[in-house]
Protein chains: 2
Amino acid sequence: MVGIKDVARQAGVSVGTVSNVINRPDLVSEETRTRVQSVINKLGYIRSESARQLRAGASRIVALLVLDMGNPFFVDVAKGAERAARQSGLGVMVCNSAQSTSEEVEYLSLFAEQRVRGVLVTPADPTGRSLDALRRQRIPYVLVDRVSADAAACSVSVDDVVGGRLAAQHLIAAGHTSLVYVGGPRDLPQVRDRRAGALAALQEAGLPPEALTEISADRLDVSAGRDAGARLLGLAPRPTAVFCANDLLALGVLQAVFAARISVPEQMAIVGYDDIEFAAAAAVPLTSVRQPAVAMGRLAAEMLMEETSGDSEAHEHRQVVLQPELVVRGSSLTPR
Amino acid sequence: MVGIKDVARQAGVSVGTVSNVINRPDLVSEETRTRVQSVINKLGYIRSESARQLRAGASRIVALLVLDMGNPFFVDVAKGAERAARQSGLGVMVCNSAQSTSEEVEYLSLFAEQRVRGVLVTPADPTGRSLDALRRQRIPYVLVDRVSADAAACSVSVDDVVGGRLAAQHLIAAGHTSLVYVGGPRDLPQVRDRRAGALAALQEAGLPPEALTEISADRLDVSAGRDAGARLLGLAPRPTAVFCANDLLALGVLQAVFAARISVPEQMAIVGYDDIEFAAAAAVPLTSVRQPAVAMGRLAAEMLMEETSGDSEAHEHRQVVLQPELVVRGSSLTPR
DNA sequence: CACCCGTCATGAATCGATTCATGCACGTCA
DNA sequence: TGACGTGCATGAATCGATTCATGACGGGTG
């Protein structure tokens, strides 16, 4: 493998000069620069990131750890983060904790070994303990889609209470006086907050808390949604309005409801959450609460870079909260 | 940041011994080992991957470069690759070329700088030129979902001609005598091969090549599918059978067809490709050609590790071709 | 007692790029 | 002419872990 020394020898200069050609070309005379450049091209020299990194102390990679790469919402977050990072010359390593605390811990220690520049993470560990490892190593991190409980880090999130309220208000305005919330694992703040928002909307409309029935799925994916849909259909009287903690669940529910030949939205209105592309593409387009996923990824990356670029003592952690937006589609239109 | 030297000093041993405790514990006496271990824990020492890597010459990371992370098919491939790599203690860096040759080139050079252990790639560049960079750097790579034209590398793919034939045979068996192929960018082999398979099936059934009408989408995603669906509806006479190059397109077509109040499958049968989870979750569950995506990712990673572990001279490149499978669902049931 | 062997620990050399104190050559100005 | 500055190039030191030749020590054997 050709290294900087080979280039230096071929070009008849010192290694320091080659390094300068690459990193501070203005310090090198025109003539030397072109000569060295041409040798670099001829030999196909590619500098070793590990050597650079070793010297510099930190890598040029930002890690992104998400809960579920099978959820297009996180794919969008990744897209936003990647774009922002690339603009600053950083690479992004996207990893999937699959909502498992142990996977999360393993990945975080992998990141620590890599001396990544920083980590963008939607934690799976409800205790937040797994992040201690990062703190001990002084690796900056930004919480994504989660508010930092103790303000120990920056965070970018979307107001899930508002989102839940928007969804429920919409259903209430359409005349529904009771609704079902299809949630997921209780320890996910997202799941809890969306429910809290829905409850608040009911209360504001003068409806009792009992107007909200909850069905709890054990994962947040389509097949869990199908199971939830089956349970939903077993309820008596049959619910007329359903709000799901995310679109994957909603699509599963939709499918189960369809299979039972119940028409949407006439007999049952369904609202999802995230507004993934497949929500609009469902045969009955899904009403959903849109989250600015790409923007969230971008902001998170930008905040991380802000933190790592300035001097770390002066840095003040920020909590950015974005607003969700209701997107009304066919699955919840007011029946005439 | 605490390094191996700090550990050595605290534990009263040499750096070499600390290294041995970590990497070859059997060479160290019980007593020393536990003492060093406890110092490691106390100080929170985490070894620097960059330093290891610099010495070792190659990193412990495998790169995966896919065409579209928005396509759940590639998410599954990533899942398979990740699982296999993790079992061998390797990390996976997943990146998205978004079908852009220039992005691809940038990422590949990033990988080269990182001295990744190897690359799993579904090339976007139709010329295959972008891979030369890897070859020059002697970075092993495995083609995913693509056959190596010149056998210059290993590859794992699925027989797309067979897949296309399966889809078309199914439609022909249901009584359709002409069909529309909704394809994508012509330079993607996947798109071409699936079409070729469909043509072959027509021929085998004694139907003329004109029985296949082609509509070409410019991307392989849902919104391109919607556009294609609109064009499809403009055809006269209206087609009764549609085969799409992937499920994203098919979902878009389905949506457009639904919006036009044409019933599926009674008035129009639709078959997709990939069998992503959302295919089954569509309100009219989509008939699709299933590809063993997770297995493909796993195999690709395994072949890469096989290539990198043995001595590279002895390695013989292999071309593994998997078989697709038709999954019949509601979108194509034979009308009674 | 001399010798050998096995078990452990040592510490210098190494990987490749960056950085910075040093110095050379040339030009300018007093 | 000597002093000084500027523009460039130099090469040794450095980052942190691994590796390996070396050697210390203790026990067993002839």
Side-chain angles (χ1 to χ4, degrees), chain A residues 1-37 39-40 43-61 89 109-110 112-117 137-139, chain B residues 1-37 39-40 43-61 89 109-110 112-117 137-139:
Chain A
M1 176 126 303
V2 29
I4 202 172
K5 272 186 272 189
D6 306 292
V7 175
R9 197 174 329 117
Q10 275 276 329
V13 295
S14 71
V15 291
T17 300
V18 177
S19 175
N20 282 336
V21 168
I22 297 167
N23 302 301
R24 305 135 89 181
D26 47 316
L27 293 188
V28 183
S29 73
E30 171 78 35
E31 190 219 321
T32 314
R33 198 182 336 142
T34 56
R35 181 157 40 97
V36 172
Q37 264 306 344
V39 173
I40 286 178
L43 298 188
Y45 164 74
I46 293 192
R47 75 174 159 209
S48 153
E49 249 311 292
S50 31
R52 284 191 94 193
Q53 195 174 127
L54 174 59
R55 193 84 229 289
S59 81
R60 305 183 60 72
I61 288 190
S109 91
L110 175 68
E113 288 190 358
Q114 300 279 343
R115 301 286 192 271
V116 296
R117 178 70 62 94
Q137 294 297 316
R138 300 187 188 289
I139 295 177
Chain B
M1 175 126 305
V2 28
I4 203 173
K5 272 186 271 187
D6 306 290
V7 175
R9 198 173 328 119
Q10 275 275 328
V13 296
S14 71
V15 291
T17 301
V18 177
S19 176
N20 281 337
V21 168
I22 298 167
N23 302 300
R24 304 135 88 179
D26 47 315
L27 293 188
V28 183
S29 72
E30 171 79 34
E31 189 219 322
T32 313
R33 199 184 332 145
T34 56
R35 183 158 38 99
V36 172
Q37 264 305 344
V39 172
I40 286 179
L43 298 187
Y45 164 74
I46 294 192
R47 74 173 162 213
S48 153
E49 248 312 293
S50 31
R52 285 191 92 192
Q53 196 173 125
L54 174 60
R55 192 83 230 287
S59 81
R60 305 182 60 73
I61 288 191
S109 91
L110 175 68
E113 288 190 358
Q114 301 279 343
R115 302 285 193 272
V116 296
R117 178 69 63 93
Q137 296 296 314
R138 302 188 187 290
I139 295 177

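Residue numbers begin at 1 in each chain, while the letters A, B, ... track the order of the sequences.
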Can you tell me the distance, in whole Å, between the [atom1] atom of [X] and the [atom2] atom of [N]?
| X | N | atom1 | atom2 | result |
| --- | --- | --- | --- | --- |
| B:Glu113 | C:dA17 | CD | P | 10 Å |
| B:Leu27 | D:dC20 | CG | P | 12 Å |
| B:Arg9 | D:dA17 | CZ | P | 12 Å |
| A:Leu54 | C:dT14 | CG | P | 17 Å |
| B:Glu49 | D:dC15 | CD | P | 20 Å |
| B:Met1 | D:dC15 | CE | C1' | 13 Å |
| B:Asn20 | C:dG11 | CG | P | 14 Å |
| B:Arg60 | D:dT18 | CZ | C1' | 13 Å |

Can you tell me how far apart [atom1] ([X]) and [atom2] ([Y]) are? Round to the nearest 0.5 Å.
| X | Y | atom1 | atom2 | result |
| --- | --- | --- | --- | --- |
| B:Leu43 | B:Ile40 | CG | CD1 | 9.0 Å |
| A:Gln114 | B:Arg52 | CD | CZ | 10.5 Å |
| B:Arg55 | B:Ser50 | CZ | OG | 14.5 Å |
| A:Gln37 | A:Ile22 | CD | CD1 | 7.5 Å |
| A:Ser19 | A:Leu27 | OG | CG | 10.0 Å |

Phosphate OP1/OP2 of [N]: any [X] side-chain N/O under 4.0 Å:
| X | N | answer |
| --- | --- | --- |
| A:Asn23 | C:dA17 | no |
| A:Thr17 | D:dA9 | no |
| B:Arg24 | D:dT19 | yes |
| B:Ser19 | D:dT19 | no |
| B:Ser48 | D:dG16 | no |
| A:Arg47 | C:dA17 | no |
| B:Tyr45 | D:dA17 | yes |

side-chain contact (heavy atoms from CB on, under 4.5 Å), that's the test. Do B:Glu49 and B:Ile61 meet it? Break it down for me. CA-CA 10 Å; B:Glu49 248 312 293; B:Ile61 288 191; over 6 Å; no
Judged by each residue's nearest nucleotide on DNA chain D, which is more toward the 5′ side, A:Val15 or A:Ser29?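 By nearest-heavy-atom nucleotide position, the 5'-most residue is A:Ser29.
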On a plain distance test, is the side chain of A:Arg55 in donor-acceptor contact with the base of D:dT14 below 3.5 Å?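 Side chain to base: pair present.
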Nearest to the side chain of [X], heavy atoms from C-beta on, is which of [options]?
| X | options | answer |
| --- | --- | --- |
| A:Arg52 | D:dT10, C:dT18, D:dT18 | C:dT18 |
| A:Thr32 | D:dT19, C:dA17, D:dA9 | D:dA9 |
| B:Lys5 | D:dC15, D:dA9, D:dT18 | D:dC15 |

Nearest-nucleotide 5' precedence on DNA chain C, B:Glu30 against A:Ile22: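 Nearest-nucleotide comparison on DNA chain C picks B:Glu30.
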For DNA chain C, whose closest nucleotide is more 5', that of B:Arg115 or that of B:Arg35?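 Nearest nucleotide further toward 5': that of B:Arg35.
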Does B:Gly3 reach a base, just sugar-phosphate, or nothing at all? Heavy atoms under 4.0 Å.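 Sugar-phosphate, no base atom in range.
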Mind checking if A:Val18 touches a base, just sugar-phosphate, or nothing, with heavy atoms under 4.0 Å?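 The residue A:Val18 makes no contact with any strand.
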